[in-house]
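Along the sequence shown, the residues carry numbers beginning at 1. Counting convention: from 1, in listed order, for ligands and their atoms alike.
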Amino acid sequence: MSSNGHIDNKDTSCEAFCAVNCYRWNIPQVIIENSKTANYAVLILNRPISQNLDFVTKMWKNASVTITVDGGTRQWEQFLKNQTEAVRKTFMKPDLVTGDFDSIGDEVLALYTKKGCKMIVTPDQNHTDFTKALMELNIHCNGNGIQIDHVIAFAQGSGRLDQTIGNIQSLFLARDKLLLDPHTKVFILSDDSLSWLLNPGEHTIIVPKSTLKYKRAWCSLIPIGEPCKYVTSTGLKWNLDNQPLQFGQLVSTSNAFSGSETVTIHCSHTLLWSMKIPGITKS
Ligand SMILES: Cc1ncc(C[n+]2csc(CCOP(=O)(O)OP(=O)(O)O)c2C)c(N)n1
Ligand SMILES: O=c1ccn([C@@H]2O[C@H](COP(=O)(O)O)[C@@H](O)[C@H]2O)c(=O)[nH]1
């Protein structure tokens, strides 16, 4: 085992990582009951917002910190434009607007500056605007005594593939470069897909009832960046039993739920987990 408590890639025995990292992912709390039980930040990345008004309103209003990221500010403005005056008034301005401001557009830049938003220019061209927004979120939280349990980044799988992959890189950077407090978890929400990294270790995922009820609810386990030598799962339609996941070999896409309220995953290396959250998009 490495000094930071993670499993070395060379350490291949299943038993070696059993006692190391245990995680419980209460997804109903993250996505459905957030107002009561969690402190979180919302980030709007530069993709059209496809979730329904009720969901977006709830997520935004109950967030401890809200950030629109560069062209994400334009997307937010577009989302508001499509709402009634009454709805528009209920949305406060974002706490921060960040980015290198190459895609926010002059008009929206001027509008949000005039609204009195805190505009933070992040010109560094070695990191994406998403990654830099996470860094600014950390500075904001530290400076204002805010503790957040998780971050929900509104994104989409559509659009530029390099940006979609870059967003997954941001998940790795947040974890490996400690961009945020280590207990703060980062989720990407694309339409009705929620995705996050599973560290090497044991995971229990509490599955929302809406997902269990939904006939075609899917989930996936993707070995991003490196093969995952051992994966054992319960609660899935196609469970893994101490099996490897690796591109060119086996990758668990289009998996499904068995009906159990919890899924357990025991993995030797990092996996990207994605799952369907029904009822949060417009259609
Ligand atoms: C090896 C390497 N490849 C590529 C880049 C270029 N690069 C990486 S992140 C980044 C900023 C991207 O900004 P963002 O606003 O997130 O995306 P954009 O819409 O401008 O492409 C740039 C230019 C780099 N600095 N180093
Ligand atoms: O196709 C896309 C484009 C962008 N993103 C995410 O949004 C931020 C900000 O993008 P800008 O183009 O600078 O406005 C970017 O860092 C990506 O995280 C995306 O996901 N897909």
Side-chain angles (χ1 to χ4, degrees), residues 31 40-51 55-56 59-60 63 65-81 93-113 115 117-140 148 150-180 184-197 220 222 224-225 272-277 280-282:
I31 217 81
Y40 64 92
V42 160
L43 263 65
I44 308 287
L45 303 182
N46 187 10
R47 298 307 300 148
I49 297 167
S50 59
Q51 290 78 16
F55 179 77
V56 178
M59 292 302 294
W60 183 272
V65 185
T66 51
I67 304 182
T68 56
V69 182
D70 203 353
T73 317
R74 257 190 316 111
Q75 306 287 357
W76 181 244
E77 190 52 26
Q78 190 57 46
F79 175 80
L80 294 184
K81 264 190 189 153
K93 56 192 187 192
D95 295 309
L96 307 179
V97 177
T98 67
D100 54 11
F101 294 159
D102 64 348
S103 46
I104 186 170
D106 293 344
E107 210 178 298
V108 174
L109 181 61
L111 180 64
Y112 278 67
T113 307
K115 279 187 186 192
C117 294
K118 191 167 180 189
M119 314 295 284
I120 303 179
V121 192
T122 56
D124 174 7
Q125 293 299 295
N126 289 320
H127 285 111
T128 66
D129 280 344
F130 178 19
T131 299
K132 290 176 284 181
L134 293 173
M135 295 172 184
E136 294 302 329
L137 170 65
N138 194 40
I139 293 169
H140 179 82
I148 50 170
H150 58 267
V151 177
I152 305 278
F154 281 67
Q156 259 195 22
S158 64
R160 285 172 45 181
L161 181 63
D162 67 327
Q163 294 272 27
T164 302
I165 306 279
N167 291 344
I168 297 168
Q169 156 75 340
S170 299
L171 298 182
F172 276 89
L173 290 172
R175 182 192 73 179
D176 297 346
K177 304 289 181 194
L178 298 176
L179 302 187
L180 299 165
T184 306
K185 307 300 180 205
V186 187
F187 297 86
I188 293 178
L189 187 65
S190 309
D191 294 333
D192 57 2
S193 305
L194 189 68
S195 307
W196 69 96
L197 295 182
S220 61
I222 318 278
I224 294 275
L272 180 74
W273 164 264
S274 298
M275 66 186 289
K276 163 110 181 167
I277 310 288
I280 64 172
T281 51
K282 281 174 196 151

Practice prompt. Please tell me if the side chains of Leu109 and Met119 come closer than 4.5 Å, counting only heavy atoms from C-beta onward.
Written response: yes
Worksheet item: CD1/Ile165 to OG1/Thr128 distance, rounded to the nearest 0.5 angstrom?
Response: 13.0 Å
Worksheet item: Relative to each other, are the rings of Phe154 and Phe55 parallel, tilted or perpendicular (30° and 60° limits)?
Response: tilted
Worksheet item: For ligand 1, what is the set of protein residues having any non-hydrogen atom at a distance below 4.0 Å?
Response: Asp100, Asp102, Gln125, Asn126, His127, Thr128, Asp129, Arg160, Gln163
Item to complete: Give the minimum heavy-atom separation between Leu134 and Ala174, together with the two atoms involved.
Response: CD1-CB, 4.1 Å
Worksheet item: Does Phe172 reach the side chain of Ile224, with side-chain heavy atoms less than 4.5 Å apart?
Response: yes
Fill in: Nearest heavy atoms of Ser195 and Ser274, plus distance in Å
OG-OG, 2.7 Å
Discussion item. With rounding to the nearest 0.5 angstrom, report the CG to CD1 distance, Asp95 to Ile120.
Written reply: 10.0 Å
Item to complete: Indicate the atoms forming the closest heavy-atom contact of Lys115 with Lys93, along with that distance.
Response: O-NZ, 3.1 Å
Worksheet item: Which pair of non-hydrogen atoms, one from Asn46 and one from Ser103, has the smallest distance, and what is that distance?
Response: ND2-OG, 3.9 Å
Write out each pair where an N or O from ligand 2 and one from the protein are under 3.5 Å apart, with the distance.
unit_1   : atom_1 : unit_2 : atom_2 : d
ligand 2 : 1 (O)  : Arg160 : N      : 3.1
ligand 2 : 7 (O)  : Asn46  : N      : 3.0
ligand 2 : 12 (O) : Asn46  : ND2    : 3.3
ligand 2 : 12 (O) : Ser103 : OG     : 3.4
ligand 2 : 13 (O) : Asp70  : OD2    : 3.3
ligand 2 : 13 (O) : Ser103 : OG     : 3.4
ligand 2 : 13 (O) : Asp129 : OD2    : 3.0
ligand 2 : 14 (O) : Asn46  : ND2    : 3.0
ligand 2 : 14 (O) : Gly71  : N      : 2.9
ligand 2 : 14 (O) : Ser103 : OG     : 2.5
ligand 2 : 16 (O) : Asp129 : N      : 3.4
ligand 2 : 16 (O) : Phe130 : N      : 3.1
ligand 2 : 18 (O) : Asn167 : OD1    : 2.6
ligand 2 : 20 (O) : Asn167 : ND2    : 2.8

